[in-house]
Amino acid sequence: MEELKSKIREIPNWPKTGVNFKDITTLLEDGNYFKKVVDLLSEPLMGRGIGKVVGIDARGFLAAAPVAYRIGAGLSIVRKKGKLPFKTIGQSYTLEYASNTIEMHRDTILPGEKVALIDDLIATGGTALAACDLIEKLGGAIAAAGFIVDLPFLGGSQKLKDRGYQVRSLVVYDQE
Ligand code: AMP
């Protein structure tokens, strides 16, 4: 974990004062670490009959797509409002530093399909929980959630665990 952490760039007070932004682009730029991230996120999902990996706009796509490929699942995307061309369902939520609405295509998850959710980072959990709500409204069964970074002091990963989801995070910070 410390090894992965050393590759993440921290940008203090971005995009606003008080947020210590965890920039994972520096981690993914290194081929060995990119592979390690994808392998570690894929490991707990292997052989579990997961039909779709759901990635969250936009940095979540960077991990969700290779994980889906690695485990032989399909890829579904959660996008910010107004970006998806077909019929959508939406959910509003509060982010650590903004408020937002996310959407999924109405036909992207099959009823009863096993789903794994992937994002780059979980903070308050607002984004991930809104995505879980959408997936469940579409009839999906959330088998697991995976994040490159967890900021557990903001409570998001615990909220997911409280809802009964299995959560895996690769790098954990104790404070901003
Ligand atoms: P939250 O909904 O509070 O769990 O925030 C998670 C989402 O916001 C993820 O999609 C992250 O990409 C982004 N995010 C929130 N806080 C940070 C942070 N400190 N560094 C980088 N990304 C963040």
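All values below come from the heavy atoms of this structure, side chains included, with hydrogens, waters and symmetry mates left out. Indexing begins at 1, ligand by ligand and atom by atom, following the structure's order. Everything numeric in this text was worked out from a predicted model, so none of it was measured.
- Summarising the contacts of atom 19 (N) of ligand 1 with Asn100, Asp150, Asn20, Ile102, the nearest heavy atom is found in Asn20.
- Comment: Lys83 does not engage Glu103 in a salt bridge, judged by the lack of any side-chain N to carboxylate O separation of less than 4.0 angstrom.
- At a heavy-atom cutoff of 4.0 Å, ligand 1 is contacted by no atom of Ile56, backbone or side chain.
- Side chains of Gln166 and Lys161: a donor-acceptor N/O pair is absent below 3.5 angstrom, by distance only.
- Among the atoms of Asp57, none of the N or O lies under 3.5 angstrom from an N or O of ligand 1.
- The option from Thr127, Leu121, Thr94 that lies nearest to atom 23 (C) of ligand 1, judged by heavy atoms, is Leu121.
- Residues Ile71 and Leu62 share a hydrophobic cluster, clusters being chains of Ile/Leu/Val/Met/Phe/Trp/Tyr side chains in contact below 4.5 Å.
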- Message: Please determine whether side chain to side chain donor-acceptor pair (under 3.5 Å) holds for the pair Ser92 and Thr101, giving the CA-CA distance in whole Å, both sets of side-chain angles, and the decisive distance to 0.1 Å.
- Response: CA-CA 4 Å; Ser92 296; Thr101 301; 2.9 Å; yes
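- Here atom 12 (O) of ligand 1 lies nearest to Arg59 when heavy atoms of Lys159, Arg59, Glu176 are compared.
- Taking hydrophobic clusters as Ile, Leu, Val, Met, Phe, Trp and Tyr residues chained together by side-chain heavy-atom distances below 4.5 Å, Met104 shares a cluster with Leu129.
- A side-chain donor from one of Asn100 and Tyr93 sits under 3.5 Å from a side-chain acceptor of the other.
- With atom 4 (O) of ligand 1 as the reference point, the heavy atom nearest to it among Ala131, Ser157, Gly125 is part of Gly125.
- Arg163 and Gln158 share no side-chain donor-acceptor pair at under 3.5 Å.
- Using a 4.0 Å cut-off between heavy atoms, Asp120 contacts ligand 1 through its side chain alone, with no backbone atom that close.
- Near Thr124, meaning under 4.0 Å from any of its heavy atoms, are these atoms of ligand 1: 1 (P), 2 (O), 3 (O), 4 (O).
- The shortest N/O to N/O separation between Ala123 and ligand 1 falls below 3.5 Å.
- Looking at Asp119 against ligand 1, only its side chain comes within 4.0 Å, counting heavy atoms.
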